[in-house]
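We name chains A, B, ... by the order of the sequence lines, and we start the count at 1 in each one.
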Amino acid sequence: MDFTATLLAWYDENKRSLPWRNSRNPYEIWLSEVILQQTRVEQGLPYYERFLKNFPTVFDLAKADEDTVLKLWQGLGYYSRARNLHHTAKIVVQDFGGIFPNTYEDLLKLKGIGSYTAAAISSFAYHHPNAVVDGNVFRFLSRYFGIYTPINTGIGKKEFESIANTLISHKFPADFNQAIMEFGSIQCKPNRPDCGACVFVAECIAYRDNVIHLLPVKGKKSAIKDRYFYYLYIEKGKEMALHKRTDNDIWKSLYELPLIELDSAVSMEDLQESDEWKRLFHRTKIVVQSCSEKIIHKLSHQAIHAVFIHLVVKKSDVFPSDFIWIKKEYHHTFAVPRLIENFLIHRLAKR
DNA sequence: GATTCGTGGGA
DNA sequence: TTCCCAAGAAT
């Protein structure tokens, strides 16, 4: 058997049953692919079900508020995906009458759709022979062919896409793409794959050379930056303050507690000497109720050192206009980062 | 083209 | 504890 026949035979025997498989609805495929970007199937699956239930069609998604979309996305991370998803839904409805583009090139023009997702939609929905290259495909092909080009470079990406596009079955492009990703995910795993059970072991260059654990090659990752967040849980009667993040930074468009960010860890005394603290509270006498232990929230490239400070202020106190005052019991209707959600649910609920 | 965008699970 | 990394894309 040749490569494709071997792969498709393996897939037929070993494929998982997943809700977006066998769908040829471009909206459902697009939704699943965006949710699954840099996300494990098990983590993304419940989000896929919820999105499809709340937004059965692209028209439903297009007419929703961005805040509603972000709330449904809460906890999944990489929130630009949700904003781009919503933006693209509106484009598809307004410019294309709700019909998705059906070529790789036109799909690539949409926000949130890169080379992988364009290939996925064009092959799964329209059976066009565009090869998907995700992390699973990088790993499998780098080992099978013994390729040491770093996969996280432009050169590497082009090289592997070129190879995948020469391999892809023109008769079964959708099944081929599903199969090669499934194979990388289930059989050609990152750690200690069971090469004795592999249908490609006889031809695998990395196995022959005993370098399975060295492939794929990746360039070094950038350093982790430390940041120091002092979050203010400000109570004013039955209300509390929130703030919406708008900068091009982590958690853009999500809500959070009012924040003082400093460039180092400081004591409560020093915090109250900071310019931002004075700007917020110079005209009022606030009462500091309590202060949490430092919580270290780890992201891919940042470590957030967070402290939550509980304050009580008077009805007459005035604060910046970008503060949003909400009834305390409504906090769960706002999309917030996990760090904030954990505080609101666990710490706050204990009172 | 190197960096930056979250979160959670497993070794 | 720490590190890796998972159906990538935008800048």
Side-chain angles (χ1 to χ4, degrees), chain A residues 15-16 18-21 23 28-48 70 73-85 87-88 107-121 123-124 130-140 150-158 160-161 164 174 176-186 188-193 213 216 218-225 227 245 247-254 256 296-304 335-342:
Chain A
K15 64 182 173 187
R16 293 168 290 181
L18 298 172
W20 45 83
R21 289 220 170 120
S23 170
E28 296 177 6
I29 292 166
W30 167 63
L31 179 62
S32 73
E33 293 302 339
V34 173
I35 287 174
L36 291 173
Q37 287 166 6
Q38 293 292 285
T39 303
R40 296 172 187 281
V41 167
E42 314 83 71
Q43 189 187 4
L45 212 150
Y47 285 85
Y48 176 75
L70 284 167
W73 198 273
Q74 177 177 315
L76 198 53
Y78 286 164
Y79 297 95
S80 67
R81 290 184 293 169
R83 299 195 311 271
N84 288 334
L85 189 80
H87 174 84
T88 290
L107 287 162
L108 208 50
K109 296 173 184 169
L110 298 171
K111 280 196 176 178
I113 297 183
S115 56
Y116 165 79
T117 305
I121 298 172
S123 65
F124 299 151
N130 299 111
V132 294
V133 178
D134 72 336
N136 297 308
V137 177
F138 275 125
R139 185 170 54 253
F140 175 38
I151 62 172
N152 54 350
T153 63
I155 298 291
K157 198 175 172 217
K158 283 186 67 175
F160 283 95
E161 283 180 352
F176 178 93
N177 276 341
Q178 291 282 2
I180 196 169
M181 287 193 288
E182 190 80 334
F183 186 84
S185 177
I186 293 178
C188 198
K189 297 184 292 188
N191 303 316
R192 301 164 53 86
H213 62 292
K218 289 188 184 180
K220 68 177 193 300
K221 55 185 186 306
S222 50
I224 292 177
K225 180 184 177 184
R227 297 176 71 175
R245 294 180 69 89
D247 294 345
N248 285 323
D249 193 2
I250 55 170
W251 304 326
K252 183 179 180 182
S253 300
L254 297 199
E256 64 183 354
I296 300 180
H297 185 82
K298 293 178 177 178
L299 291 73
S300 298
H301 298 90
Q302 301 185 32
I304 308 296
V336 297
R338 272 286 192 251
L339 174 62
I340 300 297
E341 185 192 22
N342 289 339

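Just one residue in the list Asn248(A), Asp247(A), Asp249(A) forms a side chain to side chain donor-acceptor pair (under 3.5 Å) with Arg245(A), and that residue is Asp249(A). The only member of Asn84(A), Thr88(A), Leu85(A), Ile121(A) that meets side-chain contact (heavy atoms from CB on, under 4.5 Å) when paired with Val34(A) is Leu85(A). Remark: of the listed residues Leu36(A), Ile29(A), Leu31(A), Leu36(A) is the sole one forming a side-chain contact (heavy atoms from CB on, under 4.5 Å) with Trp20(A).
At a threshold of 4.0 angstrom between heavy atoms, the contacts of Ser32(A) with the nucleic acid are absent. Within 4.0 Å (heavy atoms only), Glu42(A) reaches no atom of the nucleic acid at all. Here Gly112(A) lies in heavy-atom contact (under 4.0 Å) with sugar-phosphate atoms only. Using a 4.0 Å heavy-atom cutoff across all strands shown, Leu76(A) reaches at least one base atom of the nucleic acid. Across all strands, Ile296(A) comes closer than 4.0 Å to no nucleic acid atom at all (heavy-atom distances). If you check every strand for non-hydrogen atoms under 4.0 Å, Gly75(A) touches sugar and phosphate atoms only. If you check every strand for non-hydrogen atoms under 4.0 Å, Thr39(A) touches a base. Across all strands shown, Trp20(A) has heavy atoms under 4.0 Å from base atoms, whether or not it also approaches the sugar-phosphate. Ile250(A) comes within 4.0 angstrom of the backbone, heavy atoms only, and of no base.
Minimum atom distance to the side chain of Lys298(A) is reached by dT2(C), of the listed dG8(C), dA6(C), dT2(C). Nearest to the side-chain atoms of Lys218(A) among the listed nucleotides dA9(C), dC5(C), dC3(C) stands dC5(C).
Side-chain atoms of Tyr47(A) come within 3.5 Å of backbone N or O of Gln74(A) as a donor-acceptor pair.
Nucleotides dG10(B) and dA7(C) place their P atoms 14 Å apart, quoted to the nearest Å. Spacing between dA6(C) and dG6(B) at atom C1', rounded to whole Å, works out to 12 Å. Comparing the P positions of dT3(B) and dC4(C) gives an interatomic distance of 16 Å, to the nearest angstrom. A distance of about 16 Å separates the C1' atoms of dG1(B) and dG8(C), rounded to the whole Å.
The nearest whole Å value for the distance from the CZ atom in Arg40(A) to the P atom in dC5(C) is 10 Å. One can place NE2 of His87(A) at 13 Å from C1' of dA10(C), the figure rounded to the nearest angstrom. Between the CG atom of Leu31(A) and the C1' atom of dA7(C) there is a distance of 13 Å, given to the nearest Å. With rounding to whole Å, Gln178(A) atom CD is found 9 Å from dA7(C) atom C1'. Atom CD of Gln38(A) is separated from atom P of dA9(C) by 9 Å (rounded to the nearest Å). For the pair Glu182(A) CD and dA7(C) P, the computed distance is 10 Å after rounding to whole Å. Taking atom CG on Asn84(A) and atom P on dT11(C), their separation rounds to 7 Å, with Å as the unit. If you take CG of Asp249(A) and P of dT11(C), they are 15 Å apart, rounded to a whole angstrom.
The residue among Asn248(A) and Arg338(A) whose nearest nucleotide of DNA chain B is located toward the 5' end is Asn248(A). Between Ala223(A) and Tyr79(A), the residue anchored closer to the 5' end of DNA chain B is Ala223(A), taking for each the nucleotide with the nearest heavy atom.
Contact annotation: Arg139(A) side-chain N/O to dA6(C) OP1/OP2 distance is under 4.0 Å. Dashed line: the shortest gap from a side-chain N or O of Ser185(A) to OP1 or OP2 of dA7(C) is under 4.0 Å. Remark: Gln37(A) is not in phosphate contact with dG8(C), judged by side-chain N or O atoms under 4.0 Å from OP1 or OP2.
Reading DNA chain B from its 5' end, the first and the last nucleotide to sit under 4.0 Å from a heavy atom of chain A are dT4(B) to dG9(B).
Side chains of Glu33(A) and Tyr116(A): a donor on one and an acceptor on the other come within 3.5 Å.
A salt bridge links Glu341(A) with Arg338(A): the distance from a Lys NZ or Arg NE/NH1/NH2 to an Asp or Glu carboxylate oxygen falls below 4.0 Å.
Atom CZ of Arg16(A) is surrounded by more than 12 heavy atoms from other residues, nucleotides or ligands within 6.0 Å.
Atoms CD and CG, from Gln38(A) and Asp134(A) in turn, are 9.5 Å apart once rounded to the nearest 0.5 Å. With rounding to the nearest 0.5 Å, the separation of NE2 in His213(A) from CZ in Arg192(A) is 12.0 Å.
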